[in-house]
*Asks:* 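Shown below is the structure under consideration.
As the structure is a prediction and not an experimental result, all values here were calculated from the model.
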Amino acid sequence: MADTRDINEVDLLYVDGNYALISYTDSNGIARLGFVDVERIAHVDEIEPLYRADKLDMYACINNNCRLQNDTYDDYDEPNILTRANKGEYVKVIGSIKEGKELWYIVTYRDYIGYMKPENLTILNEEEFNSIINTNYAEIVGSKVRFRSSPN
């Protein structure tokens with residue numbers, strides 16, 4: 001039987017400060033994830049999630065090219081794929097969901113939030129993550145800084 005819930009109904013996955021990660025089904029019946037301001041959800045305590053997600057706060061390295069999906073169906077269907085993720089890039093793992101016997105991580109990758117399989121990720125400890133941040137990123141402290149493609 002198809003899910004007949006209104007598109008405005010949501011399932012609360014977790015609340016993180018002023019934001020909540022929710023799951024909802026769009027008009028095409030596709031499961032979606034999204035963050036919303038907690039104050040915009042009426043009766044947060046009364047929302048019964050279809051999926052219970054554990055909140056996580058860690059980082060991981062993608063260890064092979066893989067898919068970031070908008071749901072946990074493993075059907076290799078293009079509408080299920082948000083984007084393709086590249087080996088060697090990093091994601092923030094914000095949650096996990098167990099679908100039957102299969103574990104999925106909820107991750108942020110670039111401008112996307114979606115599901116990724118744990119076998120595609122190597123979880124980083126705090127020391128590894130800090131080392132990556134300190135060697136690959138820099139803070140811009142000036143204003144109106146020009147970016148150039150070469151030092152010329």
Side-chain angles (χ1 to χ4, degrees), residues 1-139 147:
M1 185 167 153
D3 188 348
T4 58
R5 292 178 301 147
D6 186 87
I7 192 168
N8 294 323
E9 292 182 25
V10 299
D11 297 315
L12 178 65
L13 296 178
Y14 74 88
V15 175
D16 183 9
N18 294 328
Y19 294 93
L21 179 66
I22 60 166
S23 171
Y24 64 96
T25 303
D26 69 14
S27 58
N28 296 320
I30 298 172
R32 301 287 185 195
L33 291 176
F35 278 108
V36 295
D37 188 327
V38 171
E39 293 178 11
R40 295 184 61 194
I41 303 175
H43 310 294
V44 171
D45 295 334
E46 296 174 13
I47 295 173
E48 298 219 5
L50 294 176
Y51 306 102
R52 298 205 182 273
D54 293 321
K55 184 183 180 310
L56 300 174
D57 187 16
M58 56 190 182
Y59 292 86
C61 180
I62 300 170
N63 56 30
N64 54 46
N65 293 339
C66 61
R67 302 171 300 160
L68 180 65
Q69 300 184 184
N70 65 9
D71 59 40
T72 58
Y73 297 114
D74 205 8
D75 59 7
Y76 299 95
D77 191 17
E78 281 300 321
N80 188 32
I81 301 170
L82 291 170
T83 190
R84 305 236 179 232
N86 302 313
K87 178 179 180 178
E89 292 188 317
Y90 299 93
V91 296
K92 182 173 184 182
V93 181
I94 58 175
S96 66
I97 284 182
K98 193 150 190 181
E99 294 286 340
K101 293 182 179 181
E102 194 165 30
L103 177 69
W104 290 82
Y105 283 137
I106 301 168
V107 304
T108 60
Y109 173 73
R110 298 184 181 174
D111 292 331
Y112 296 96
I113 299 169
Y115 298 100
M116 224 178 242
K117 290 186 174 184
E119 60 262 25
N120 294 319
L121 301 172
T122 301
I123 302 299
L124 304 173
N125 63 38
E126 190 173 342
E127 183 179 314
E128 291 169 321
F129 177 72
N130 287 335
S131 173
I132 291 165
I133 291 296
N134 292 335
T135 58
N136 293 331
Y137 298 93
E139 180 181 0
F147 286 95

*Asks:* Would a 4.5 Å heavy-atom cut-off, applied to side chains only, mark Ile97 and Ile106 as touching?
*Replies:*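 Sidechains of Ile106 and Ile97: in contact.
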*Asks:* If you count heavy atoms of other groups shown closer than 6.0 angstrom to CD of Glu119, is the number above 12?
*Replies:* yes
*Asks:* What residues form a side chain to side chain donor-acceptor pair (under 3.5 Å) with Asn63, not counting sequence neighbours?
*Replies:* Thr122
*Asks:* Among residues at least two apart in sequence or on other chains, which ones pass side chain to side chain contact (heavy atoms under 4.5 Å, CB included) with Asn125?
*Replies:*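 Scan of Asn125 (side chain to side chain contact (heavy atoms under 4.5 Å, CB included), adjacent residues dropped) gives Glu127, Glu128.
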*Asks:* Would you check if Ile123 and Val93 make a side-chain contact, meaning some heavy-atom pair closer than 4.5 Å?
*Replies:*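 With C-beta onward as the side chain, the pair touches.
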*Asks:* With sequence neighbours left out, what residues match Thr83 under side chain to side chain contact (heavy atoms under 4.5 Å, CB included)?
*Replies:* Leu68, Tyr109, Tyr112
*Asks:* Enter the distance from Ser96:OG to Met58:CE here, rounded to the nearest 0.5 Å.
*Replies:*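 With rounding to 0.5 Å, OG (Ser96) is 7.0 Å from CE (Met58).
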*Asks:* List in chain and number order the residues that pass side chain to side chain donor-acceptor pair (under 3.5 Å) with Asn86, two or more places apart in sequence or in another chain; answer none if no residue qualifies.
*Replies:* Glu89
*Asks:* Would you mind reporting whether Cys61 and Leu121 have side-chain heavy atoms less than 4.5 Å apart?
*Replies:*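 With C-beta onward as the side chain, the pair stays apart.
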*Asks:* Would you check if Trp104 and Met116 make a side-chain contact, meaning some heavy-atom pair closer than 4.5 Å?
*Replies:*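 No, side chains not in contact.
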*Asks:* Taking C-beta and beyond as the side chain, do Ile62 and Tyr90 meet within less than 4.5 Å on heavy atoms?
*Replies:* no
*Asks:* Mind checking what makes salt bridge (charged side-chain N to carboxylate O under 4.0 Å, His left out) contact with Lys92, not counting sequence neighbours?
*Replies:* Asp57
*Asks:* Under the ring pair (Phe, Tyr, Trp, His ring centres under 6.0 Å) test, which residues partner Tyr59, sequence neighbours left out?
*Replies:* Phe129
*Asks:* Taking it one step at a time, do Lys117 and Glu102 satisfy side chain to side chain contact (heavy atoms under 4.5 Å, CB included)?
*Replies:* CA-CA 9 Å; Lys117 290 186 174 184; Glu102 194 165 30; 3.4 Å; yes
*Asks:* Nearest 0.5 Å, please: how far is CD1 in Ile113 from CG in Leu82?
*Replies:* 10.0 Å
